[in-house]
Protein chains: 2
Amino acid sequence: MAAMANKAQRAPRRTEALSRDVIVQAAVAILDAEGEEALTLRALTVRLATGYGAIYHHVADRDDLLGAAADHVIGRVVADIGGVADPREALRAVAMGLFDAIAAHPWVGAQLTREPWRPALLDVYESVSANLHALDVPERAVPDSAGALVNYILGVAGQNAANARALAASKLDRETFLANVAARWAQLDPVRYPAMHKAGRHLREHDDREQFLAGIDLILAGIAAVNHT
Amino acid sequence: MAAMANKAQRAPRRTEALSRDVIVQAAVAILDAEGEEALTLRALTVRLATGYGAIYHHVADRDDLLGAAADHVIGRVVADIGGVADPREALRAVAMGLFDAIAAHPWVGAQLTREPWRPALLDVYESVSANLHALDVPERAVPDSAGALVNYILGVAGQNAANARALAASKLDRETFLANVAARWAQLDPVRYPAMHKAGRHLREHDDREQFLAGIDLILAGIAAVNHT
DNA sequence: AGAACTTTGGATCGTCGCTCCAATCATGCT
DNA sequence: AGCATGATTGGAGCGACGATCCAAAGTTCT
């Protein structure tokens, strides 16, 4: 019996699983600290004090690694939410969770738009669909409604990632960067671009997070309106 | 007089403007024919039978070129629409125009999510804002509403681009590729992933374009519902 | 005609993702 | 115990990329 227990203990795969996880964590650390394009295979070998072979043994290629890193971050978000009872609040919680995660790790936004259908996004899609179902949305209207919500979230995610890239590339602090953007918009011809011109003058009072949530509520209102006319 | 007419003809800038345009058109041709990653500077020098210096003289860098190519395609879409009177129909026309353009040139979708705030997107934003205004959406609700629409469009754009990339990478024809996706989804655990599991079995009857338009109508309904409760 | 400037082609650089292989290490078998 | 088999590692090297740079060719103005 003891012999059989030892046999079961050998667990040769643990090293691999452990190592892939270590690599993914290192990748997330680099991505968070220095951004998307700083994640090079060379940087990884330096940080992990290893060679290419070791990394490529656990990871298929750079895209695989980026995807795994995104799953790592998004997975936590979805897991952290489960317990919200009211479906409407649950939907807002999922959306806000994703928004906050992407605000904290902008590279995730870019990765999500580059590769939707990652495992982590499947959970998001399921969660949204389930909550819509709980909101009494008719079965056949669920896919379109869920698609609207998820695509909106992905759109905002991409935009946040792009903004973060631009901010990083400018090497300015957030304040002056936003001031520059506002100035450029305010300079637009107010006849040809009235809305953008105006937006340039109100950018100071603008809150991305609030606007995002307003969009979610708008879509939820639309779902409600369409379904019990 | 003839001499002065000749003098006026010199037009030293025409060569530059013409050349930048030629380069952008060549880039679009390559992108359409072989996809995003086939647009290398080397491929461009071959196609244009020139060297790096000539290209870099007219174009800042690869990103500049990609952006200009996207503007080139999107610009036509916005220009082609102007004449729709009914604001609701105009909004749908803008959205469908973008959708069709991105379906025809998937790389544009990726570029749009990577670099929003391109000139071409400003026109889109303006058009959407103006039409919302015409729909009697209150002034202060316009930015949020326009943001919801544009971000949704960008989300779908990114997704289309990702799907096109996956399709191209698989080297399968569209039919069997979709069948594979459907099969993979249908294989998902129907308890943990009921919605995706079900979607896998109905993918055949699914029309991206219809679903996209349904999302637009959903958001428009939400805008209407929120604003005259 | 010649000076000043623009435009062009291509050699070259540094970096990237990735492959490949020799070495090291762990494991199971006899 | 000792060997063999396979997993794991480090790093040299490859081809391709974006980008720079400069000498040659062309153009425009004096």
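So that the names make sense, note that chain A is the first sequence line, chain B the second, and so on, each numbered from 1. Below, each value reflects all heavy atoms present in this structure, side chains not excepted, and no hydrogens, waters or symmetry copies.
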Should A:His57 be listed as having a side-chain N or O under 4.0 Å from OP1 or OP2 of D:dT8? yes
Flag yes if more than 12 heavy atoms outside A:Gln25 fall under 6.0 Å of its CD atom; otherwise flag no. yes
Take the protein atom CD of A:Glu37 and the nucleotide atom P of D:dG18, then report the distance between them rounded to whole Å. 15 Å
A:Tyr56 OH - C:dG17 P separation (whole Å): 7 Å
Measure the distance from CZ on A:Arg62 to P on C:dT19 and round it to the nearest whole Å. 15 Å
Between P on C:dT19 and CG on A:Asp61, what's the gap in Å once rounded to a whole number? 8 Å
Report which part of the nucleic acid A:Ala49 touches: base, sugar-phosphate, or nothing (heavy-atom distance under 4.0 Å, all strands). sugar-phosphate
Between C1' of D:dC17 and CG of B:Asp63, the distance in whole Å: 14 Å
B:Tyr152/A:Tyr152 aromatic ring centres below 6.0 Å: no
Would you classify B:Leu44 as touching base, sugar-phosphate or nothing, given that sugar-phosphate means primed atoms plus P, OP1 and OP2, and contacts are heavy atoms under 4.0 Å? nothing
With heavy atoms under 4.0 Å as the rule, sort B:Leu65 into base, sugar-phosphate or nothing. nothing
Output yes when a side-chain donor or acceptor of A:Arg118 lies under 3.5 Å from a complementary backbone atom of A:Asp71, and no otherwise. no
Whether the side chain of B:Gln159 engages the backbone of A:Thr113 through a donor-acceptor N/O pair (distance < 3.5 Å, no angle test) should be reported. no
Pick out the pairs of N or O atoms, protein on one side and nucleotides 11-15 of chain C on the other, that lie under 3.5 Å.
none

Between C:dG10 atom P and B:Ile55 atom CD1, what is the distance in whole Å? 12 Å
Can you name the side chain to side chain donor-acceptor pair (under 3.5 Å) partners of B:Tyr125, sequence neighbours left out? none
Please identify each residue that fulfils salt bridge (charged side-chain N to carboxylate O under 4.0 Å, His left out) with B:Arg192, with sequence neighbours left out. A:Asp123
Nearest-Å distance, CG (A:Asp64) to C1' (C:dG17)? 14 Å
Say whether, by atom type as modelled, one donor and one acceptor occur between the side chain of B:His197 and the main chain of B:Leu188 under 3.5 angstrom. yes
Mind calculating the distance between NE2 (B:His58) and P (C:dT6) to the nearest angstrom? 13 Å
